[in-house]
2 protein chains.
Amino acid sequence: MEWERFAALVEHVTAHNESLMAFVHCKIYYSGRAEAELDWGDRMLIIKQDNALLIHQPENGNPINYLKPGARITLYQEDHALILEGTHPQTHDVIQCEIQEVHDAMSAKLDDGKKQVLAGTEADMSDHLKNNPELISNDFKPLSREEHTQYGFIDVFGHDGNGNLVVVECKRYAASLACITQLRRYVEKIQELKGTKNVRGVMASPKITPNAKTMLEDWGFSWVRVEPPKRLLINRNQKTLGDWG
Amino acid sequence: MEWERFAALVEHVTAHNESLMAFVHCKIYYSGRAEAELDWGDRMLIIKQDNALLIHQPENGNPINYLKPGARITLYQEDHALILEGTHPQTHDVIQCEIQEVHDAMSAKLDDGKKQVLAGTEADMSDHLKNNPELISNDFKPLSREEHTQYGFIDVFGHDGNGNLVVVECKRYAASLACITQLRRYVEKIQELKGTKNVRGVMASPKITPNAKTMLEDWGFSWVRVEPPKRLLINRNQKTLGDWG
DNA sequence: TACTACATCTCGCAT
DNA sequence: ATGCGAGGTGTAGTA
């Protein structure tokens with residue numbers, strides 16, 4: 001594609017809040033929170049209608065370079081090079097994408113704004129534990145969920161039948177060292193706030209790493225195996241037919 | 001675009017390891033680590049040549065749905081609906097993208113494989129500190145960098161002039177509570193391994209949050225203000241001319 | 001493979 | 001705005 005046509009397209013989408021996707025052969029410089037350089041190669045270039053800029057390599061899931069929504073995007077020539085430059089007024093990031101060839105490009109005015117409905121998060125899990133306290137122990141009485149303390153917020157907080165306060169930290173994945181120190185931090189904070197040493201720490205997660213288990217036991221905490229919350233959704237998977245390929 | 005043409009395009013790119021980008025009006029179901037549903041709207045659909053699948057809304061930086069590289073992608077009709085389905089054999093994630101209309105689509109065989117050269121990371125920072133120990137203190141003698149211990153690895157490790165071991169943890173951003181507990185973990189582990197209480201903990205970062213500072217002081221650690229190094233310093237920014245827009 | 005920690009993490013929520 | 005923690009986190013490095 002001729003540079004002029006591409007330039008007109010970029011001009012159009014930035015002026016009209018449209019979205020653009022392009023295949024380009026380019027070289028990239030980035031400066032901002034870090035500094036980076038990427039040598040010549042074919043990439044996918046995306047400008048969203050909120051002026052987010054994404055540059056993807058043809059492999060891997062994440063963009064190799066990006067600017068958050070709100071970038072200022074300009075295109076100019078310099079010494080026979082076509083340069084797409086994005087600068088972000090808030091983050092002070094700069095991307096310079098030196099384009100040698102535009103293989104293909106297209107734009108569209110997209111109408112969306114829908115929010116995704118998500119289930120199976122840690123919040124669902126702590127909710128589940130508060131409603132099913134016997135998963136922690138037979139005498140566990142939950143008092144609150146997601147209680148905020150100065151040192152963070154506690155997923156589930158309560159007491160047991162022996163006059164102990166109980167702090168529960170949930171993780172929806174294997175609990176690691178960092179998770180145990182997080183629990184420790186909450187336990188110590190509650191001990192300080194309530195002026196008692198009778199605070200039990202409970203890690204609730206589907207798994208726990210060996211080092212984390214050792215550390216947990218060293219500090220007298222306990223671990224309860226809890227499965228991440230059940231699948232809620234729909235079974236559209238019983239398709240029957242009709243592949244083209 | 002007619003569904004048949006789009007189907008042929010999808011078939012072609014998956015068969016030949018090409019990349020595809022499309023504007024589509026769709027509705028999305030996801031099931032995997034969590035479950036999600038996204039109502040009708042215009043989105044950008046991307047299939048990479050490693051069979052990563054990305055679906056972007058026209059705003060925000062991140063994909064609203066995605067599959068990692070290695071997905072199996074099929075397209076079929078069901079009750080007058082066109083469904084692009086991606087399933088991931090390893091992660092067991094499924095995306096079903098019900099497509100009402102393909103506004104536009106294009107594909108290309110992309111040639112890349114270049115690696116980004118990055119500077120200003122935490123590794124650069126610990127390197128910088130090891131080579132400039134006076135940034136920690138006048139009597140700091142670094143011994144090692146990124147030393148691995150059972151409880152994690154220590155960014156910079158050394159000793160001072162008073163017979164103390166010194167553990168330095170670097171962060172390229174504002175040090176938070178979690179960062180201090182990480183430092184604490186390393187200090188305690190070294191105390192245990194070396195059988196001495198003479199272990200100083202030093203947090204090196206450009207900033208530190210107030211709570212983190214309090215916690216750090218409670219435990220007798222210290223904070224040193226260090227900026228993350230940037231070494232590339234591309235100065236292509238002095239462009240002169242030639243905006244189209 | 002599992003575990004650990006970084007990331008230009010991003011994002012939402014609460015203060 | 002800042003602090004804090006979750007995330008369908010992803011990714012690299014190491015044992």
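Just so it is clear: chains get the letters A, B, ... in the order the sequence lines come, proteins before strands, and each one is counted from 1.
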**Request:** Go through C/dC3, D/dC4, C/dC6 for me and flag the one nearest to the B/Asn211 side chain.
**Result:** D/dC4
**Item:** Ring geometry between B/Trp40 and B/His25 (parallel below 30°, tilted from 30 to 60°, perpendicular above 60°)
**Value:** parallel
**Prompt:** Does the side-chain ring of B/Phe153 lie flat on the base of C/dT4, meaning centres under 5.5 Å and planes less than 30 degrees apart?
**Reply:** no
**Message:** Using a 4.0 Å heavy-atom cut-off, does B/Thr91 contact any base of the nucleic acid, only the sugar-phosphate backbone, or nothing at all?
**Reply:** nothing
**Item:** Closest nucleotide among D/dC4, D/dA6, C/dC3 to the B/Ser176 side chain
**Value:** D/dC4
**Message:** Rounded to whole Å, please give me the gap between CG in B/Asp124 and P in C/dC6.
**Reply:** 14 Å
Quick one: side chains of residues 221-228 of chain B, donor-acceptor pairs under 3.5 Å with protein atoms, not counting sequence neighbours, listed by atom name and distance.
unit_1	atom_1	unit_2	atom_2	d
B/Trp223	NE1	B/Ser205	O	3.4
B/Trp223	NE1	B/Ser205	OG	2.9

**Request:** Can you tell me, in whole Å, how much space there is between the C1' of D/dA6 and that of D/dG10?
**Result:** 14 Å
**Prompt:** Is the closest side-chain heavy-atom distance between B/Ile154 and B/Val168 below 4.5 Å?
**Reply:** no
**Message:** With a 4.0 Å limit, can you tell me whether A/Thr121 has a side-chain N or O closer than that to the phosphate oxygens OP1/OP2 of D/dG8?
**Reply:** no
**Message:** Under 4.0 Å, counting only non-hydrogen atoms across every strand here, what does A/Ile64 touch: a base, just sugar-phosphate, or nothing?
**Reply:** base
**Message:** Expressed as a whole number of angstroms, how long is the span from A/Arg172:CZ to D/dG5:P?
**Reply:** 18 Å
**Fill in**
Closest to the side chain of B/Glu169, out of D/dG8, C/dC3, C/dC6, is C/dC6
**Asked** B/Gln116 near the nucleic acid: base, sugar-phosphate alone, or nothing, with a heavy-atom cut-off under 4.0 Å?
**Response** base
**Request:** Could you measure between the two C1' atoms, the one in C/dC11 and the one in C/dA7, and give it in whole Å?
**Result:** 14 Å
**Prompt:** Out of D/dG8, C/dA5, C/dC3, which nucleotide sits closest to the side chain of B/Ile95?
**Reply:** D/dG8
**Item:** Atom P, compared across D/dG8 and C/dA5: separation rounded to whole Å
**Value:** 22 Å
**Message:** Using whole Å, what does the distance between atom C1' of nucleotide C/dT10 and atom NE2 of B/His56 come to?
**Reply:** 13 Å
**Under 4.0 Å protein heavy-atom contacts per nucleotide of nucleotides 10-15 of chain D, with B for base, S for backbone only and - for none** = SSS-S-
**Message:** Closest approach to the side chain of B/Tyr186, judged atom by atom: which nucleotide of C/dC6, D/dA6, C/dA5 is it?
**Reply:** C/dA5
**Asked** If you measure from the Lys or Arg side-chain nitrogens to the Asp or Glu carboxylate oxygens, is any gap between A/Arg145 and A/Asp127 under 4.0 Å?
**Response** yes
**Asked** Quick one: do A/Glu188 and B/Arg184 make a salt bridge, cutoff under 4.0 Å?
**Response** yes
**Request:** Would you confirm whether B/Tyr30, through its side chain, and B/Arg33, through its main-chain N or O, come within 3.5 Å as a donor-acceptor pair?
**Result:** yes
Distance-only criterion, 3.5 Å: show the donor-acceptor pairs between side-chain atoms of residues 57-69 of chain A and protein atoms not counting sequence neighbours.
unit_1	atom_1	unit_2	atom_2	d
A/Gln57	NE2	B/Asp112	OD2	3.0
A/Gln57	NE2	B/Lys114	O	2.8
A/Asn65	ND2	B/Gln116	OE1	3.0

**Prompt:** Of the candidate nucleotides D/dG8, D/dA6, C/dC6, which contains the atom at the shortest distance from the side chain of B/Lys171?
**Reply:** C/dC6
**Asked** Taking all non-hydrogen atoms of both residues, which atom of A/Met125 and which atom of A/Ala204 are closest, and how far apart?
**Response** CE-O, 3.8 Å
**Short side-chain N/O contact from B/Tyr29 to OP1 or OP2 of D/dG8, under 4.0 Å** = no
**Prompt:** What does A/Leu118 touch in the nucleic acid at a heavy-atom separation under 4.0 angstrom: a base, only the sugar-phosphate, or nothing?
**Reply:** sugar-phosphate
**Fill in**
Between CG of B/Asp127 and P of C/dC6 the distance, given in whole Å, is 16 Å
**Request:** Measure the distance from CE on A/Met125 to C1' on D/dG8 and round it to the nearest whole Å.
**Result:** 15 Å
**Message:** Check this one for me: any side-chain N or O of A/Gln182 less than 4.0 Å away from OP1 or OP2 of D/dC4?
**Reply:** no
